[in-house]
*Asks:* 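Shown below is the structure under consideration.
Order of the sequence lines sets the chain letters (A, B, ...), proteins ahead of strands, with each chain counted from 1.
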There are 2 protein chains.
Amino acid sequence: MGYPREQSIQQATEVFWLKGYLGTGMRDLQTALDKRPGSIYSAFGSKEGLYLEVLNHYTGVLHGQIMAVANSDTPLQQLREFLRFPLTVEDSAAHKIQCLIVKTQADWAELPEGVKSELQAALAHLREAFQAVILKARSTSELAADIPVERAAMWLQGQFIAMRTLATSVESPASLSWMVDKIVCDLCGEWAQ
Amino acid sequence: MGYPREQSIQQATEVFWLKGYLGTGMRDLQTALDKRPGSIYSAFGSKEGLYLEVLNHYTGVLHGQIMAVANSDTPLQQLREFLRFPLTVEDSAAHKIQCLIVKTQADWAELPEGVKSELQAALAHLREAFQAVILKARSTSELAADIPVERAAMWLQGQFIAMRTLATSVESPASLSWMVDKIVCDLCGEWAQ
DNA sequence: TATTAATTTGAACGATCGCTCAAATTTAAC
DNA sequence: GTTAAATTTGAGCGATCGTTCAAATTAATA
């Protein structure tokens with residue numbers, strides 16, 4: 001049995017997701033991974049190195065979910081389900097409502113340079129996935145042919161951020177599902193050039 | 001000359017706004033206020049105490065701005081200007097794009113209990129102001145009579161968060177002004193019950 | 001000006017931070 | 001079974017954290 005990288009990354013994701021990059025200490029990670037500092041450092045090099053692997057894995061999963069929406073036959077309907085899902089997590093995992101990327105971005109000014117650039121890349125990567133959703137919905141005529149694709153993709157990312165952020169500050173996230181309908185409705189609505 | 005509370009609060013606001021609650025150290029504050037630790041502690045009691053005064057002052061200013069929108073004769077037009085303004089800050093003050101409250105909220109899990117509850121209160125207070133804008137716009141018939149007021153207020157707060165967050169991750173915030181138009185457009189659009 | 005009260009100073013405390021590395025342990029090779 | 005290589009261990013490093021408090025300074029009173 002070599003070092004369980006995959007498992008460690010998943011356990012570290014939980015901690016970073018809950019406490020953020022700055023808020024997470026190496027001792028939190030040592031506890032969560034059940035590893036002593038030397039093992040973690042020999043496997044990941046530094047706290048930043050571990051975080052970057054976590055961010056990479058997290059972004060990949062999220063990107064995959066959005067691309068699955070884009071690749072479905074009914075992208076707008078799948079988008080609805082994608083947006084609604086995080087509102088249904090149980091209380092014990094409430095931190096999972098907030099997107100890890102957006103959460104980390106809030107600490108922007110204090111982040112190491114390497115984390116900053118990877119964060120920017122992650123945001124851009126996810127925006128590409130949102131753009132694929134728009135394009136697919138346009139091709140299935142669920143969206144008008146003249147929709148401004150890049151703006152709509154960025155707007156969609158913004159709606160994602162808004163909903164996730166609001167959901168973390170409300171006692172019952174599920175009660176925000178009307179917002180999902182509003183988003184899809186507005187996506188199909190007016191896009192004055 | 002007594003202790004310059006007002007001035008200290010404004011200087012501390014700058015630091016907390018830039019670096020967040022967790023990211024700001026007492027030594028950052030000592031530098032910014034040009035005061036030694038004892039003075040700060042005798043005036044504000046603790047880092048948390050100083051932050052709470054900063055948050056209170058900040059919330060008051062923002063609430064006042066939104067209420068000014070609500071009290072104008074053309075609330076929707078004023079809302080446009082209110083939303084557009086932060087997109088125009090110069091590069092050197094880029095951190096001012098992001099709302100201090102939303103920024104602090106991202107560190108939720110690590111915040112002292114007192115900060116958490118004040119943050120919740122601040123968000124609710126600002127939502128009341130957004131609600132006043134909706135109500136006023138309805139009374140001037142800029143908005144339909146059957147708009148769901150509470151939902152629209154929360155949605156508007158979400159749009160505010162989305163725009164401010166996106167603006168911090170883009171090279172030219174001013175290029176997002178189309179989003180302001182989209183927000184006002186969507187506010188006037190469909191609100192399926 | 002002498003005396004008291006209020007404020008400011010800054011060295012330093014204990015706790016925690018990210019991280020190191022010599023030693024102990026486990027694994028692999030023969 | 002013996003030896004060499006790879007991995008894990010955990011005490012502890014220097015730095016920084018929020019905070020304290022005796023001493024120095026400034027302001028107020030008589």
*Asks:* Please give, in whole Å, the distance from C:dT8 P to B:Leu33 CG?
*Replies:*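 It is 12 Å, rounded to the nearest whole Å.
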*Asks:* For B:Gly25, report the nucleic acid contact type (base, sugar-phosphate, nothing); a contact means any heavy atom under 4.0 Å.
*Replies:*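 The answer is sugar-phosphate, as B:Gly25 gets under 4.0 Å only of primed atoms, P, OP1 or OP2.
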*Asks:* Taking the side chain as everything from C-beta on, heavy atoms only, tell me whether A:Asn56 gets closer than 4.5 Å to A:Glu53.
*Replies:*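 A:Asn56 vs A:Glu53: side chains apart.
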*Asks:* Taking atom C1' of D:dG18 as reference, at what distance in whole Å does atom OH of B:Tyr51 sit?
*Replies:*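 Distance, rounded to whole Å: 17 Å.
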*Asks:* Once you round it to whole Å, what is the distance between C1' of D:dC17 and NZ of B:Lys19?
*Replies:* 13 Å
*Asks:* Which sits closer to the 5' end of DNA chain C, A:Gly38 or A:Gly23, going by the nucleotide each is nearest to?
*Replies:*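 Upstream on the strand: A:Gly23.
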*Asks:* Begin from the C-alpha positions of A:Ser46 and A:Glu48 and carry the test side chain to side chain donor-acceptor pair (under 3.5 Å) through to its verdict.
*Replies:* CA-CA 5 Å; A:Ser46 66; A:Glu48 178 179 341; 5.3 Å; no
*Asks:* Counting heavy atoms from C-beta on, name the nucleotide in C:dA11, C:dT20, D:dT8 closest to the side chain of A:Ser42.
*Replies:* D:dT8
*Asks:* Output yes when a side-chain donor or acceptor of B:Thr24 lies under 3.5 Å from a complementary backbone atom of B:Tyr21, and no otherwise.
*Replies:* no
*Asks:* How close or far is atom C1' of C:dT20 from atom CE of A:Met26, stated in whole angstroms?
*Replies:*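 In whole Å, C:dT20 C1' and A:Met26 CE are 12 Å from each other.
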*Asks:* Under a 3.5 Å cutoff, is there a donor and acceptor pairing between the side chains of A:Thr104 and A:Tyr51?
*Replies:* yes
*Asks:* Assign A:Glu48 to base, sugar-phosphate, or nothing according to its heavy-atom contacts below 4.0 angstrom with the strands shown.
*Replies:*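 No contact at all - A:Glu48 keeps every heavy atom at 4.0 Å or more from the nucleic acid.
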*Asks:* Closer than 4.0 Å, any side-chain N/O of A:Ser46 to the OP1 or OP2 of C:dG18?
*Replies:* no
*Asks:* Tell me the interatomic distance from A:Leu29, atom CG, to C:dC19, atom P, rounded to whole angstroms.
*Replies:*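 Nearest whole value for this atom pair: 11 Å.
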*Asks:* Can you tell me which nucleotide in C:dG18, C:dA11, C:dT8 comes closest to the side chain of A:Tyr41?
*Replies:*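 Looking only at side-chain atoms, A:Tyr41 lies closest to C:dG18.
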*Asks:* To the side chain of B:Arg27, which of D:dC17, D:dT8, C:dG18 is closest?
*Replies:*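 Among D:dC17, D:dT8, C:dG18, the one nearest the side chain of B:Arg27 is D:dC17.
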*Asks:* Side chain of B:Lys47 only, heavy atoms from C-beta on: which candidate in D:dT19, D:dT8, C:dC17 is closest?
*Replies:* D:dT19
*Asks:* Could you tell me how far apart B:Leu22 (CG) and C:dC17 (C1') are, to the nearest whole angstrom?
*Replies:* 13 Å
*Asks:* Indicate yes or no: does B:Lys182 engage A:Glu190 in a salt bridge with an N to O separation below 4.0 Å.
*Replies:*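 Salt bridge flag = no for A:Glu190 with B:Lys182.
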*Asks:* Measure from CD on B:Gln30 to P on D:dT19 and round the result to the nearest Å.
*Replies:*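 For the pair B:Gln30 CD and D:dT19 P, the rounded distance is 11 Å.
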*Asks:* Please pick, from D:dT19, D:dG10, D:dT8, the nucleotide with the shortest atom-to-atom distance to any side-chain atom of A:Arg36.
*Replies:* D:dG10
*Asks:* Starting from P on C:dC21, measure out to CD1 on A:Ile40 and report it in whole angstrom.
*Replies:*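 Answer to the nearest Å: 17 Å.
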